[in-house]
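For the numbers below, each heavy atom of this structure counts, side chains included, while hydrogens, waters and symmetry mates do not. In this chain, numbering begins with 1 at the start of the sequence shown.
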Amino acid sequence: MSQNPTKHTKVLIIGSGPAGYTAAVYAARAMLNPTLVHGSEPGGQLTTTTDVENYPGFANVIQGPWLMDQMKEQAKAVGTEMIQDHISSVNLKSKPFEAIGDSGQKYTADSIIISTGAQARWLNIKSEQEFRGFGVSACATCDGFFFKEKEVAVVGGGNAAVEEAMFLTKFASKVKLIHRRDKLRAEKMLQKKLMENKKIEIIWDTVIEDVLGDKEPKNVKGIKIKNVKTNKIEEIKVDGLFVAIGHDPATSLFKDQLKMDNEGYLITKPDSTETNVPGVYAAGDVKDKTFRQAVTAAGMGCMAALEAEKHLSHK
């Protein structure tokens, strides 16, 4: 354990990505001298995204990792202190709030902005990870555009999977929805719309065994699927695979201290980023399972910093 003295800050931002970096920019410009603690791979989900075409302000395609680097440098330039550490425990029960890092460093803060994000759940097949970003995606709204007049598969059975499948019919000529059970978990209204859509074919009782494609240049050509009832294996031709089996928000740190929903997303007040603990705010995918876009995360980061500033000025 290092014998570092306690590090105090007015605003402690836990997590990077568009939410954390934008919060840092606004907090720094409000002269709050924020400290942002990020993990060993800062930038969040966007660092695994190649082409970004929907972030406002860029007429040409930009790269996800580049966008995150720019946000990070901007936050630094206006006066954010960046520290690489992993926060392993927090105490939000008394003021100032406390956080302890794996490094042994103890941080205290008058306000905290949580932007720890979420991770898409993957099937965890080796080939799926190999083709990630080259035909395998976890975000139809991000990547659907690349599959005009092509055939794609969506795996999952909940609302997200059904919504992704419906959305993809705007672009794809055919969408195959693959579900491991014989009925969907999605809400009935959505299911009805899905069944009525001529472009969608549902493949029941089926799991994905393998993603098939070319190595040079990398692209998906098909998938190997297995019927769980008959064990029959077949290969089907698709140009893309969308994995929609849910996301896991990074919130285990805040269990029993902050209100969350049954999936672990932090709950904030309406039209606000404030959690049930005054002075603690949540921004980005850690609280948002609806939109999950870089621009909405950035917007919430801005809101959190402005709310934190107001909270501190009333103290």
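Heavy-atom minimum distance, Pro42 versus Tyr21: CB-OH, 3.4 Å. In terms of heavy atoms, Ser115 sits closest to Gly20 at OG-CA, 3.2 Å. When all heavy atoms of Ala75 and Met82 are compared, the pair lying nearest together is CB-CE, 3.6 Å. Here the shortest heavy-atom pairing between Ala244 and Val154 reads CB-CG1, 4.2 Å. Considering all non-hydrogen atoms of both residues, Ala250 and Val286 come closest at O-CG2, 4.1 Å. Across all non-hydrogen atoms, the minimal contact from Ala305 to Ala23 is CB-O, 3.4 Å.
For Met189, the CE atom sits in a loose shell: 12 or fewer heavy atoms of surrounding residues, nucleotides or ligands are nearer than 6.0 Å. The neighbour count for Lys199 NZ, taken as heavy atoms of other residues, nucleotides or ligands under 6.0 Å away, is above 12. Around atom CD of Glu41, no more than 12 heavy atoms belonging to other residues, nucleotides or ligands sit under 6.0 Å away. Around atom CZ of Arg29, no more than 12 heavy atoms belonging to other residues, nucleotides or ligands sit under 6.0 Å away. The number of heavy atoms from other shown groups lying within 6.0 Å of CG (Asn231) is above 12. For Lys193, the NZ atom is loosely surrounded, since the number of other residues' heavy atoms within 6.0 Å does not exceed 12. When the shell of 6.0 Å around NZ of Lys93 is examined, it contains more than 12 heavy atoms from other residues, nucleotides or ligands.
Between Phe147 and Phe242, the ring center distance clears the sub-6.0 Å criterion.
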Does Ile14 form a side-chain contact (heavy atoms from CB on, under 4.5 Å) with Ile113? I'd like the steps, not just the answer. CA-CA 6 Å; Ile14 305 175; Ile113 295 173; over 6 Å; no
Is there a side-chain hydrogen bond (donor to acceptor under 3.5 Å, both in side chains) between Glu187 and Asn159 once you walk through the steps? CA-CA 7 Å; Glu187 28 189 89; Asn159 284 353; 3.0 Å; yes
Between His86 and Val37, does a side-chain contact (heavy atoms from CB on, under 4.5 Å) hold up when you go through it step by step? CA-CA 7 Å; His86 178 262; Val37 178; over 6 Å; no
Verdict with supporting geometry, His8 and Thr108, side-chain hydrogen bond (donor to acceptor under 3.5 Å, both in side chains): CA-CA 5 Å; His8 183 74; Thr108 59; 2.7 Å; yes
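At distances below 3.5 Å, not a single donor-acceptor pair connects side-chain atoms of Thr22 with backbone N or O atoms of Ala19. Between the Glu235 side chain and the Lys224 main chain, no donor and acceptor come within less than 3.5 Å of each other. The closest donor-acceptor contact from the side chain of Glu151 to the backbone of Ser173 lies at 3.5 Å or more, if one exists at all. Between the Thr275 side chain and the Val280 main chain, a donor and an acceptor come within less than 3.5 Å of each other.
Hydrophobic cluster membership differs between Val238 and Met166, with clusters built from Ile, Leu, Val, Met, Phe, Trp and Tyr side chains linked at under 4.5 angstrom. Residues Ile202 and Ile208 do not share a hydrophobic cluster, defined by chaining ILVMFWY side chains whose heavy atoms lie under 4.5 Å apart. There is a path of hydrophobic side-chain contacts, each under 4.5 Å, that joins Phe131 to Ile236. Cluster annotation: Tyr265 and Phe254 are assigned to distinct hydrophobic clusters (Ile/Leu/Val/Met/Phe/Trp/Tyr, side-chain heavy-atom contacts under 4.5 Å, transitive). Linking ILVMFWY side-chain heavy atoms closer than 4.5 Å, directly or via other members, places Tyr26 and Met303 in two distinct hydrophobic clusters.
Here salt bridge (Lys or Arg N to Asp or Glu O under 4.0 Å) pairs that include residues 273-285, with residues two or more places apart or in two chains, are Lys269-Glu274.
Here CG of Leu12 is found 14.0 Å from NZ of Lys10. Values are rounded to the nearest 0.5 Å. Remark: Leu168 CG to Glu164 CD distance equals 6.5 Å, nearest 0.5 Å. The structure places CD1 of Ile100 at 7.0 Å from OG of Ser88, a figure rounded to the nearest 0.5 Å. Separation of atoms CZ (Arg121) and CD1 (Ile245) is listed at 7.0 Å; rounding is to 0.5 Å. Here Lys259 contributes atom NZ and Leu266 contributes atom CG; the two are 12.5 Å apart, rounded to the nearest 0.5 Å. A distance of 7.0 Å separates CE in Met71 from CG in Leu46, rounded to the nearest 0.5 Å.
A salt bridge links Glu98 with Lys106: the closest approach of a Lys/Arg side-chain nitrogen to an acidic carboxylate oxygen falls below 4.0 angstrom. Taking 4.0 Å as the cut-off between side-chain N and carboxylate O, Asp205 and Arg181 do not count as a salt-bridged pair. Here Arg132 does not pair with Glu128 in a salt bridge; the nearest charged N to carboxylate O distance is not below 4.0 Å. A salt bridge is defined here as a Lys NZ or Arg NE, NH1 or NH2 lying under 4.0 Å from an Asp or Glu carboxylate O, and Lys229 with Asp182 meets this definition. Using a 4.0 Å cut-off between charged nitrogen and carboxylate oxygen, Glu130 and Lys218 do not count as a salt-bridge pair.
Taking Thr9 as the reference, Thr35 meet the side chain to side chain donor-acceptor pair (under 3.5 Å) condition, with sequence neighbours excluded. The side chain to side chain donor-acceptor pair (under 3.5 Å) search around Gln84 returns none, not counting sequence neighbours. For Lys289, the side chain to side chain donor-acceptor pair (under 3.5 Å) criterion is met by Asp261, Glu263, not counting sequence neighbours. Listed by chain and residue number, Asp85 satisfy the side chain to side chain donor-acceptor pair (under 3.5 Å) test with Tyr107 (two or more places apart in sequence, or in another chain).
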Kindly list each side-chain donor-acceptor pair under 3.5 angstrom involving residues 54-61, sequence neighbours excluded, with atom names and distances?
none

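A donor-acceptor contact closer than 3.5 angstrom links the side chains of Lys287 and Thr268. Counting only N and O atoms by type, the side chains of Glu307 and Ser272 include a donor and acceptor under 3.5 Å apart.
For the pair Ile178 and Ile225, the minimum side-chain heavy-atom distance is below 4.5 Å.
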